[in-house]
Amino acid sequence: MKWIKLDEVLPEKDFIKQIKINGRKICLLRHEGLLYAVQNDCPHAGGILSGGWCEMGHLICPIHRWSYHLKTGRGAEGQGDYIDIYPLKQEEDSWYIGFRTPFWKRFFGGDKAGCGK
């Protein structure tokens, strides 16, 4: 897991916004006092989830109102999809977001060593 420090000012009250970190657009939000980081593109129709809203622990896409559970990323029953959830941790006065190491990097490290050479 690679942990990257969030340089964002995080409001104490509930919010939803897009941030760009580690080359990815992430939807960062606080809902009912808890902080979450999830993928920003809706897998259904490509809607920008940071333009949506939260209801009862779910993030709602602003285009077709598809919903995703904030803790699991699972879409509502019948949707058959999910969104990526990024782990967050707080250390001292800073928040960090975690990015999983791709499967192939666990074995080969760095760039795609030996692939296509």
Novice: Return yes if some donor-acceptor pair links the side-chain N/O of Gln39 with the main-chain N/O of Asp41 below 3.5 Å, else return no.
Specialist: yes
Novice: Let me confirm one number: the CZ-CG distance from Phe15 to Leu10, rounded to the nearest 0.5 Å.
Specialist: 5.0 Å
Novice: Pair Cys54, Leu70 - check side-chain contact (heavy atoms from CB on, under 4.5 Å), show working.
Specialist: CA-CA 9 Å; Cys54 294; Leu70 287 170; 4.1 Å; yes
Novice: Please work out whether the ring planes of His44 and His64 are parallel, tilted or perpendicular, with thresholds of 30° and 60°.
Specialist: perpendicular
Novice: Indicate if Ile97 and Trp95 have the same hydrophobic cluster label, given that clusters are the connected sets of ILVMFWY residues with side-chain heavy-atom separations under 4.5 angstrom.
Specialist: yes
Novice: Could you pull out every donor-acceptor pair under 3.5 Å between side chains of residues 28-35 and any protein atom, sequence neighbours left out?
Specialist:
unit_1 : atom_1 : unit_2 : atom_2 : d
Arg30  : NE     : Pro11  : O      : 2.9
Arg30  : NH2    : Pro11  : O      : 3.2
His31  : NE2    : Gly57  : N      : 3.4

Novice: Identify whether Ile85 and Ile26 are in the same connected component of the hydrophobic contact network (ILVMFWY, side-chain heavy atoms under 4.5 Å).
Specialist: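 Different hydrophobic clusters.
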Novice: Side chains of Ile16 and Cys27, heavy atoms from C-beta outward: is any pair under 4.5 Å?
Specialist: yes
Novice: Counting heavy atoms not belonging to Lys2, are there more than 12 under 6.0 Å from its NZ?
Specialist: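 No.
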Novice: In the single-linkage hydrophobic clustering (I, L, V, M, F, W, Y; side-chain heavy atoms under 4.5 Å), do Leu6 and Ile4 co-cluster?
Specialist: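 Yes, one cluster joins them.
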Novice: Which heavy atom in Leu88 sits nearest to a heavy atom in Ala37, and how many Å separate them?
Specialist: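 Where Leu88 meets Ala37 most closely, the heavy atoms are CD1-N, 3.7 Å.
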Novice: Would you say the ring centroid of Tyr86 lies under 6.0 angstrom from that of Phe99?
Specialist: yes
Novice: Can you confirm whether Met1 is buried at CE, in the sense that more than 12 heavy atoms of other residues, nucleotides or ligands lie under 6.0 Å from that atom?
Specialist: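 Yes, the 6.0 Å shell around CE holds more than 12 heavy atoms from other groups.
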Novice: Could you grab the distance from atom CG of Asp7 to atom CD1 of Ile19, nearest 0.5 Å is fine?
Specialist: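 Between atom CG of Asp7 and atom CD1 of Ile19 there are 9.5 Å.
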Novice: Kindly determine whether Cys42 and Ile63 satisfy side-chain contact (heavy atoms from CB on, under 4.5 Å), including the steps that lead there.
Specialist: CA-CA 9 Å; Cys42 178; Ile63 295 181; over 6 Å; no
Novice: So Trp3 and Pro87, do their side chains get closer than 4.5 Å, heavy atoms only?
Specialist: yes
Novice: Below 4.5 Å, heavy atoms only, C-beta onward: do Trp53 and Arg65 meet side chain to side chain?
Specialist: yes
Novice: Would you indicate whether the side-chain heavy atoms of His58 and Ile60 approach each other to under 4.5 Å?
Specialist: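 Yes, close enough: below the 4.5 Å cut-off.
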Novice: Is there a side-chain contact between Tyr68 and Asp81, using heavy atoms and a 4.5 Å cut-off?
Specialist: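 SC-SC contact between Tyr68 and Asp81 confirmed.
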Novice: Treating Gln18 as the side-chain partner and Ser50 as the backbone partner, does any N or O pair qualify as donor plus acceptor under 3.5 Å?
Specialist: no
